[in-house]
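Dropping a structure here in structure tokens format, bear with me for questions.
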Amino acid sequence: MTDIKRRDVLRYSAAGTAIAASALVGAQALAAPEPAAGAPEATAGQQKIDPRDFDEIYKGKRIRGRYLLGGKNELLINGKALALTAIPTLFVPEDGRKPYVGIGLISAVNHYDPVEIELSIDGLKKLVRKIVDILGDLELSDEAAQAHVH
Amino acid sequence: MAVRRSIATMTSAEKTAFANAMRQLKTTSVNGRNYNWYIDQHITFFARTSDNISHAHQSPSFFPWHREYLRLLEFDLQTVSGNPNLFLPYWDWTGSVSPFTADFCGAITNGSVSSGNFSPNWGWSVYRSSIATSFLQRRLGQNASRPTATTVNNVQSYSVYDQSPWNSTVSNSYRNRNEIELHNRVHNYVGGHMGTREAPNDPVFWLHHCNIDRLWWLWQQSRGIDTYQPRTGFTGGVIDNTETMRPFAAGRTPSAVRDITALGYSYT
């Protein structure tokens with residue numbers, strides 16, 4: 001839970017925004033929403049739409065991502081949900097860059113391969129594309145929607 | 001007394017015997033367990049359970065938990081096959097010998113294992129798959145490369161077993177460096193089901209983990225067999241040296257599994 005709160009602090013506090021912005025080397029996560037295949041629905045009513053949310057087609061599959069408060073980001077692939085868990089973890093880049101600690105998202109499918117989303121403009125999209133590449137012609141099953149804590 | 005050998009030394013007959021024992025355990029319960037029991041435990045104990053402890057991963061008990069898990073499977077495979085000499089082989093993924101051959105784990109390495117060993121026709125079913133399929137999935141090399149011998153040597157050189165905060169963030173920790181740089185990476189290198197929560201669906205899971213256990217044993221031989229951390233007390237959220245690891249029987253603690261000779265197997 002501590003980790004999730006840390007994510008929220010990073011995203012939603014003024015200080016956090018400053019940290020994120022400076023780490024983005026000028027690119028502004030909040031300034032450049034990508035055009036979506038279908039407009040993200042304003043349905044949930046829980047909060048306003050995050051400009052990083054997306055709803056588009058990738059390799060023939062409809063991918064939807066929503067950044068939500070409390071670390072409960074949502075990913076859907078052809079309408080099937082993928083439960084996400086945020087973990088603090090050491091990242092050891094294969095290209096020889098120095099290891100560093102960050103928050104990574106894992107799911108049933110990328111269980112040993114946390115994907116960092118906080119300091120990336122399109123982290124959730126990178127994650128969902130990775131999952132689509134693993135699926136190939138297949139779809140997620142209901143098991144993928146089963147959440148768990150770490 | 002099982003002598004665990006490299007897949008590189010196995011005869012075709014030994015590989016077939018191993019694959020057949022795995023298939024038998026899929027459909028037969030022995031010692032109160034069948035193959036799918038192992039998949040269930042992996043899914044349950046990957047998560048932080050109701051005791052607020054991370055038993056199997058991202059915690060110090062990563063090594064001893066899997067050591068006990070492998071020992072139980074080896075015992076069940078011996079029971080179901082009636083062969084007391086049956087052993088878990090290890091896959092040294094820094095070498096050139098692959099387990100993905102027609103006479104062993106199946107030769108298909110990109111997508112559905114739709115024919116040969118560990119295909120549905122052969123008698124293998126996937127269980128609790130997060131991918132909607134009845135076929136075992138692999139994506140060899142799509143998402144990661146194999147660790148090299150240099151990487152293994154670097155990891156083996158960490159002298160601290162583990163330390164606070166005992167999770168995935170610890171930098172100076174043999175356990176965490178092995179778990180992330182070797183263990184996770186090979187799961188991701190094989191890909192498909194090996195990258196999922198239900199990874200034991202792929203028989204190569206055991207060959208990979210056997211190598212991880214062997215590396216820990218090599219490390220113990222140079223650093224000390226009785227080197228598990230944390231030692232005693234009540235460290236929050238993790239298994240101490242003398243604390244039972246769930247779901248295993250009472251008394252199955254990290255301390256109880258520290259010496260593989262006492263557990264009745266060896267590596268060659």
Side-chain angles (χ1 to χ4, degrees), chain A residues 1-4 6 61 75 77-96 98-116 126-127 129-150, chain B residues 42-50 52 54 57-59 110-112 126-135 137-139 142-145 147-148 151 154-155 165 167-173 176-177 179-199:
Chain A
M1 290 306 284
T2 312
D3 311 324
I4 287 166
R6 191 174 141 193
K61 286 185 164 66
L75 275 186
I77 300 176
N78 280 351
K80 303 291 281 186
L82 181 67
L84 303 173
T85 305
I87 59 161
T89 185
L90 188 70
F91 287 95
V92 184
E94 284 189 27
D95 60 12
K98 221 177 158 221
Y100 61 95
V101 171
I103 304 291
L105 285 188
I106 59 173
S107 72
V109 181
N110 67 310
H111 217 58
Y112 306 89
D113 187 15
V115 173
E116 202 174 15
K126 275 184 191 155
L127 170 55
R129 285 177 173 168
K130 183 192 285 270
I131 303 296
V132 169
D133 290 342
I134 292 168
L135 290 174
D137 295 336
L138 303 171
E139 305 291 340
L140 292 175
S141 77
D142 292 341
E143 283 276 341
Q146 299 300 314
H148 64 294
V149 291
H150 276 259
Chain B
H42 195 263
I43 292 172
T44 300
F45 291 95
F46 208 125
R48 196 168 282 274
T49 37
S50 55
N52 195 33
S54 222
H57 298 88
Q58 301 164 7
S59 66
N110 187 19
S112 295
V126 294
Y127 175 64
R128 295 185 68 178
S129 176
S130 54
I131 303 169
T133 179
S134 53
F135 297 100
Q137 300 293 307
R138 289 179 184 139
R139 299 281 176 192
Q142 176 182 283
N143 205 23
S145 59
T148 62
T151 303
N154 286 343
V155 167
N167 60 15
S168 299
T169 69
V170 198
S171 180
N172 183 15
S173 156
N176 196 40
R177 300 308 284 243
E179 186 173 355
I180 290 178
E181 293 185 66
L182 306 180
H183 162 263
N184 285 3
R185 186 164 163 182
V186 173
H187 272 280
N188 298 327
Y189 166 67
V190 176
H193 278 113
M194 265 291 272
T196 68
R197 186 164 58 189
E198 63 276 13

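Computed from a predicted model, the values in this text were never measured in an experiment.
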Exercise for the section: For residues S168(B) and T89(A), report the shortest heavy-atom separation together with the two atoms involved. Expected result: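 Closest approach of S168(B) to T89(A): CB-OG1, 3.5 Å.
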Exercise for the section: For the pair Q137(B) and L135(A), evaluate side chain to side chain contact (heavy atoms under 4.5 Å, CB included) and give the outcome as yes or no after the intermediate values. Expected result: CA-CA 9 Å; Q137(B) 300 293 307; L135(A) 290 174; over 6 Å; no
Handout entry: Nearest heavy-atom neighbours spanning Y112(A) and N188(B)
Key =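 The pair with the smallest heavy-atom distance is O-ND2, 3.0 Å.
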Problem - Options V109(A), I131(A), D142(A), ranked by heavy-atom pairs under 4.5 Å with chain B, top entry - result: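 Between V109(A), I131(A), D142(A), the count favours V109(A).
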Handout entry: Check: T169(B) side chain, P88(A) main-chain N or O, donor-acceptor pair, under 3.5 Å
Key =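 Checking the backbone N and O of P88(A) against the side chain of T169(B), no donor-acceptor pair under 3.5 Å is found.
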Handout entry: Interface moiety of I180(B) toward chain A, non-hydrogen atoms closer than 4.5 Å
Key =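 Side chain of I180(B) only, per the 4.5 Å heavy-atom cut-off to chain A.
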Problem - For A108(A) against S130(B), the heavy-atom pair lying closest together - result: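 Where A108(A) meets S130(B) most closely, the heavy atoms are CB-CB, 3.8 Å.
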Practice task
Determine the option with the most heavy-atom pairs under 4.5 angstrom with chain A, choosing from G111(B), S145(B), S59(B).
Solution key: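 The option with the most such pairs is S145(B).
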Practice task
Mind checking the NE2-NE2 spacing from H42(B) to H111(A)? Nearest 0.5 Å is all I need.
Solution key: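 Answer for the NE2-NE2 pair, H42(B) versus H111(A), is 7.5 Å.
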Problem - Region of H193(B) in contact with chain A, defined by heavy-atom distances below 4.5 Å - result: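 Answer is neither: H193(B) stays 4.5 Å or more from chain A.
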Practice task
Please list, chain by chain and in numerical order, all residues satisfying side chain to side chain contact (heavy atoms under 4.5 Å, CB included) with Q142(B), sequence neighbours excluded.
Solution key: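 Scan of Q142(B) (side chain to side chain contact (heavy atoms under 4.5 Å, CB included), adjacent residues dropped) gives D133(A), I134(A), R139(B).
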Handout entry: R177(B) versus chain A, the contacting section by heavy-atom distance below 4.5 Å
Key =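 For R177(B), the contact with chain A is made by the side chain alone.
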Exercise for the section: Heavy atoms only, distances under 4.5 angstrom: which of N143(B), T133(B), T151(B), V170(B) has the most pairs with chain A? Name it, please. Expected result: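 Most pairs with chain A among the choices: N143(B).
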Practice task
Rounded to the nearest 0.5 Å, what's the gap from CG on D137(A) to OG on S112(B)? Could you check?
Solution key: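 Output value for this atom pair is 8.5 Å.
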Practice task
Pick one of side chain, backbone, both or neither for N110(A), based on which atoms fall under 4.5 Å of a heavy atom in chain B.
Solution key: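 Only the backbone of N110(A) comes within 4.5 Å of chain B.
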Handout entry: Heavy-atom closest contact (R197(B) atom, Q146(A) atom, distance)
Key =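 R197(B) and Q146(A) have their closest heavy atoms at NH1-O, 3.1 Å.
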Exercise for the section: Just do the side chain to side chain contact (heavy atoms under 4.5 Å, CB included) check on Q58(B) and I106(A) with the steps written out, would you? Expected result: CA-CA 12 Å; Q58(B) 301 164 7; I106(A) 59 173; 4.2 Å; yes
Problem - N110(B) portion near chain A, given a 4.5 angstrom heavy-atom threshold - result: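 Answer is neither: N110(B) stays 4.5 Å or more from chain A.
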